[in-house]
Amino acid sequence: MGSIRVGTSGWSYASWRGDFYPKGLVQRRELAYLAERLSTVEVNGSFYALQRPSTYHRWRDETPDDFVLAVKGSRFITHLKRLRDVEDGLARFFGSGVLDLGPKLGPVLWQLPASMSYDAALMGSFYRLLPEGVRHVVEPRHRSFCVGEAFAQMREHGIGCVVSDSPGRWPMVEVVTSDVVHVRLHGHTELYASGYAPRSLDRWAEKCRRWAGRADVFVYFDNDARGRAPHDAVALRKRLDG
């Protein structure tokens, strides 16, 4: 059986303070507080800008030994360069301290633009540039990726296909293409905002158990706009622990 880890997409949100985070908790302690209650987190800041090595070192050192940080790939690579001519961008991204997370480094997430359709040659060239020894997952947001050829190509290169729940905004596929299943829950009925009902959490727990028969499972709640993400993550983890 594979492992199942549950966390949130990011952790530094004003609306969580005084709610999930107790009043008076200093901001620099928020990651440590979250890491005591969940088993993983998705780093979102790396999508918008390169982080410093010292930042990755701090995150590594202030979380428990068995905690895992997934890291979101740079939008410079995915959205600005659109995966073309990205050798230098990849070198800068992985040289910024990502690999210094060591055994705490989880999947590296490559979120593609919704306007990017499937191009077998482009995806193949991108996959071949990705460093080995790191688990990579791709979140396609164009329906053209929902074909056997795209999934077979991911399997060939050991790339995980993200399970993305986005209230009908983007396609959701539940195809296992590597030894990792990376789930992003963007909102039950309203993108980035609505919480997940108990019955929905029950269904996601069952899916996680099923996937764990074939892969390690990472689940991240991205419904943070109204502060639901950490509460839903804790609720799902309790279901799985139970």
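Note that the structure is predicted; figures quoted are calculated from it, not measured. We number each residue from 1, following the sequence as shown.
Side-chain heavy atoms closer than 4.5 Å link hydrophobic residues (I, L, V, M, F, W, Y) into clusters, and following such links, possibly through other members, connects L50 to L80. Following chains of ILVMFWY side-chain contacts shorter than 4.5 Å, one can reach M154 starting from I77, so the two form part of one hydrophobic cluster. L185 and W11 fall into different hydrophobic clusters, where Ile, Leu, Val, Met, Phe, Trp and Tyr side chains are chained together by heavy-atom contacts under 4.5 Å. Taken together through direct or relayed side-chain contacts under 4.5 Å among Ile, Leu, Val, Met, Phe, Trp and Tyr, F218 and V163 form parts of separate hydrophobic clusters. Under a hydrophobic-cluster definition in which Ile, Leu, Val, Met, Phe, Trp and Tyr are linked whenever side-chain heavy atoms come within less than 4.5 Å, directly or via other members, L101 and L34 are assigned to the same cluster.
In this structure a side-chain-to-backbone donor-acceptor pair under 3.5 Å is missing from R155 to S178. Checking side-chain atoms of S39 against main-chain N and O of V6 turns up a donor-acceptor pair under 3.5 Å. Between the D119 side chain and the L122 main chain, a donor and an acceptor come within less than 3.5 Å of each other. A donor-acceptor pair is defined here as one N or O able to donate and one able to accept, closer than 3.5 Å; such a pair exists between the side chain of N44 and the backbone of S9. Of the possible polar contacts, none joining the K104 side chain to the L69 backbone as a donor-acceptor pair under 3.5 Å is found.
A distance of 13.5 Å separates CZ of R28 from OG of S12, quoted to the nearest 0.5 Å.
Between Y13 and F20, the distance separating the two ring centers is not shorter than 6.0 angstrom. The aromatic ring centroids of H182 and Y220 lie less than 6.0 Å from each other. Aromatic ring centres of W110 and F126: separated by under 6.0 Å. In summary, the aromatic rings of F151 and F145 are positioned with their centroids too far apart to meet the 6.0 Å limit.
By the neighbour-count criterion of 12 heavy atoms within 6.0 Å, atom CZ of R214 is sparsely surrounded, having that number or fewer from other residues, nucleotides or ligands. A 6.0 Å sphere centred on CZ of R169 holds no more than 12 heavy atoms belonging to other residues, nucleotides or ligands.
Between R203 and E206, none of the side-chain N atoms (NZ, or NE/NH1/NH2) sits under 4.0 Å from a carboxylate O, so this pair counts as no salt bridge. Salt bridge annotation for E190-R226: present, with a cationic side-chain nitrogen under 4.0 angstrom from a carboxylate oxygen. Remark: R135 engages D179 in a salt bridge, criterion side-chain N to carboxylate O under 4.0 Å. The pair E30-R17 counts as a salt bridge, with a side-chain nitrogen and a carboxylate oxygen less than 4.0 angstrom apart. Using a 4.0 Å cut-off between a side-chain N of Lys or Arg and a carboxylate O of Asp or Glu, K72 and E42 do not qualify as a salt bridge.
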Run the numbers on Y118 and R143 for side chain to side chain contact (heavy atoms under 4.5 Å, CB included), then give the verdict.
CA-CA 8 Å; Y118 176 60; R143 198 160 298 278; over 6 Å; no
Check step by step if side-chain hydrogen bond (donor to acceptor under 3.5 Å, both in side chains) holds for S164 and E139.
CA-CA 7 Å; S164 177; E139 183 179 15; 2.8 Å; yes
Evaluate side chain to side chain contact (heavy atoms under 4.5 Å, CB included) for V217 paired with R5, printing each intermediate quantity in order.
CA-CA 6 Å; V217 182; R5 294 179 177 272; over 6 Å; no
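Checked by atom type, the side-chain pair Q111/T78 shows no donor-acceptor distance below 3.5 Å. Side-chain atoms of R58 and T63 include no donor-acceptor pair closer than 3.5 Å. Side chains of H142 and S115: a donor-acceptor N/O pair is absent below 3.5 angstrom, by distance only.
Sorted by first then second residue, the ring-ring contact (aromatic ring centres under 6.0 Å, His included) pairs that include residues 72-92, not counting sequence neighbours, are F47-H79.
In this structure, W170 and H186 have perpendicular ring planes: the angle between them is above 60°, well past the 30° mark. Between H188 and Y196, the ring planes lie parallel to each other; the angle is under 30°, not in the 30° to 60° tilted range.
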Give the table of side-chain donor-acceptor pairs shorter than 3.5 Å for residues 234-242, with sequence neighbours excluded, one pair per line with atom names and distance.
unit_1: R237; atom_1: NH1; unit_2: R37; atom_2: O; d: 3.0
unit_1: R239; atom_1: NE; unit_2: D202; atom_2: OD1; d: 2.7
unit_1: R239; atom_1: NH1; unit_2: A235; atom_2: O; d: 3.3

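When every heavy atom of K81 is checked against every heavy atom of D85, the shortest pair comes out as CE-O, 3.4 Å.
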